[in-house]
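For reference, the structure discussed in these notes is given below.
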There are 2 protein chains.
Amino acid sequence: MRTFKNQSVKILSRGEVAKLTGVGIETVRFYEQKGLIEEPERSSSGYREYSQDFVKRIRFIQQAKKLGFSLKEISSLLSLRVDPQKTCKDVKRLTQTKISDVDKKIVQLKKIKRALGKLAAACRGKGPTSECPILEALDLEKPQ
Amino acid sequence: MRTFKNQSVKILSRGEVAKLTGVGIETVRFYEQKGLIEEPERSSSGYREYSQDFVKRIRFIQQAKKLGFSLKEISSLLSLRVDPQKTCKDVKRLTQTKISDVDKKIVQLKKIKRALGKLAAACRGKGPTSECPILEALDLEKPQ
DNA sequence: CTACACTCTGTATCATACTACAGGGTCAAC
DNA sequence: GTTGACCCTGTAGTATGATACAGAGTGTAG
């Protein structure tokens with residue numbers, strides 16, 4: 001344990017971070033190279049020393065990836081903040097755009113969910129005979 | 001126009017399908033090679049002849065990709081149907097799994113959306129000073 | 001009847017996001 | 001003090017999802 005800003009901080013090795021986040025050990029270095037996580041402190045022998053914050057960040061990256069965000073987009077999500085280069089207004093505008101992107105994804109997922117629900121329900125009766133029931137179910141959701 | 005099952009069907013060329021769906025012309029062939037769309041009919045000279053169904057299917061593929069589904073997963077979504085190889089029960093189970101996957105995505109997106117909302121709201125006051133406000137906002141949503 | 005846009009096949013190349021070495025150093029246990 | 005599990009760097013290779021190109025045929029407008 002080491003202290004930082006009056007809080008005790010457990011130092012993690014790269015292997016430990018990999019294990020805690022479920023990514024490969026090389027992926028941690030890869031994300032560092034790509035600027036998705038900052039360069040961690042180093043021990044006297046050159047070993048990387050990670051805090052728990054790195055774990056949070058990598059978990060977020062993994063989650064966002066599953067939601068269809070590219071590493072580039074994730075990077076821009078993670079760097080959303082008020083800094084001297086940007087006014088508060090800029091940040092709000094940027095954030096609003098991200099919220100709208102996220103909303104669009106939610107809407108599409110809900111459509112797919114409803115289509116899947118219809119597909120499951122269709123099993124009860126004579127069953128779907130269509131070539132591609134999920135597309136048909138989606139079409140009913142959004143005619144034309 | 002040509003008729004098929006008593007319905008008039010506009011035949012589309014590969015280029016037209018590409019234009020209508022917004023994908024590259026080579027991508028249409030790529031999806032055919034990968035089995036994501038079936039092999040279309042051919043004209044006497046060997047030209048592919050697509051129906052509007054192909055357009056729907058490719059639009060679905062594009063949408064699902066934006067939601068973080070791989071082509072393999074999309075393929076399995078598109079092939080969800082009652083066929084002689086599977087019982088109705090099997091289809092229901094498969095579909096239920098997909099619905100639960102979709103639900104998880106929706107939940108995660110909503111968390112990110114709320115975090116983004118907090119970030120935008122934080123601008124009003126003294127503004128966020130954190131290294132990574134979005135992660136902090138997410139943490140408040142789901143402590144630990 | 002030819003110019004030009006389009007299609008065909010096969011294959012090669014590309015971007016993204018990892019994943020796997022090779023060749024070396026570190027460190028704790030025995 | 002050496003064994004084994006870890007870490008370091010640099011670089012090469014892989015999987016996925018396209019995207020480009022070469023060399024050929026097609027189709028139609030003028």
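Everything quoted here is computed from the prediction, not taken from an experiment. Values below: all heavy atoms of this structure, side chains included; hydrogens, waters and symmetry mates excluded. Here is the naming used below: chain letters follow the sequence lines, and residue numbers restart at 1 for every chain.
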Side-chain N or O of B/Y31 closer than 4.0 Å to phosphate OP1/OP2 of D/dA18: yes
Pair listing, salt bridge (charged side-chain N to carboxylate O under 4.0 Å, His left out) test, anchored in residues 16-27 of chain A, at least two apart: A/E26-A/R29
A/D103: partners by side chain to side chain donor-acceptor pair (under 3.5 Å), with sequence neighbours left out: B/K113
Rounded distance in Å - CD1 (A/I37) to P (C/dC18): 12 Å
When you compare the protein's N or O atoms with those of nucleotides 11-14 of chain C, which come within less than 3.5 Å of each other, and at what distance?
none

Value in whole Å for how far the C1' atom of D/dG10 lies from CD of A/E32: 14 Å
All pairs passing ring pair (Phe, Tyr, Trp, His ring centres under 6.0 Å) where residues 53-83 of chain A contributes a residue, at least two apart: A/Y50-A/F54
Contacts of B/S79 that satisfy side chain to side chain donor-acceptor pair (under 3.5 Å) - sequence neighbours left out: none
Those residues that, when tested against B/S70, pass side-chain contact (heavy atoms from CB on, under 4.5 Å) (two or more places apart): B/K72, B/E73
Flag, side chain of B/T21 to backbone of B/V17, donor-acceptor distance under 3.5 Å: yes
Residue-phosphate contact under 4.0 Å: B/S43 side-chain N/O, D/dT26 OP1/OP2: no
Contacts of type side chain to side chain donor-acceptor pair (under 3.5 Å), residue A/E32, not counting sequence neighbours: A/R48
Presence of salt bridge, A/D101 and A/K98, under 4.0 angstrom: no
B/S45 or B/S70, whichever maps to the more 5' nucleotide of DNA chain D: B/S70
Nucleotide C/dC27, atom C1' - distance to CD1 of A/I11 in whole Å: 16 Å
Atom pair distance, as rounded to whole Å: CD1 in B/I58 and C1' in D/dG17: 14 Å
Set of residues satisfying side-chain contact (heavy atoms from CB on, under 4.5 Å) with respect to A/S75, sequence neighbours excluded: A/L36
Please list, pair by pair, any protein nitrogen or oxygen found under 3.5 Å from a nitrogen or oxygen in nucleotides 3-7 of chain D.
{"unit_1": "D/dC7", "atom_1": "OP1", "unit_2": "A/S13", "atom_2": "OG", "d": "2.8"}
{"unit_1": "D/dC7", "atom_1": "OP1", "unit_2": "A/G15", "atom_2": "N", "d": "2.8"}

Counterpart residues, side chain to side chain donor-acceptor pair (under 3.5 Å), relative to B/Y31 (two or more places apart): B/Q62
B/L71 CG - C/dT16 C1' separation (whole Å): 14 Å
Interatomic distance, A/F30 CZ vs D/dT9 P [rounded to whole Å]: 16 Å
Spacing of A/K34 atom NZ relative to C/dT16 atom P, expressed in whole Å: 7 Å
Spacing between B/K66 atom NZ and C/dT16 atom P, to the nearest angstrom: 18 Å
Working for side chain to side chain contact (heavy atoms under 4.5 Å, CB included), residues A/L67 and B/I112: CA-CA 10 Å; A/L67 298 170; B/I112 292 175; 3.8 Å; yes
Bending between helix ends of the helix from C/dC1-D/dG30 to C/dC30-D/dG1 [5 pairs per end, 10° resolution]: 0°
With sequence neighbours excluded, residues passing side-chain contact (heavy atoms from CB on, under 4.5 Å) with B/S44: none
Sugar-phosphate, base or nothing in reach of B/K65, heavy atoms under 4.0 Å: sugar-phosphate
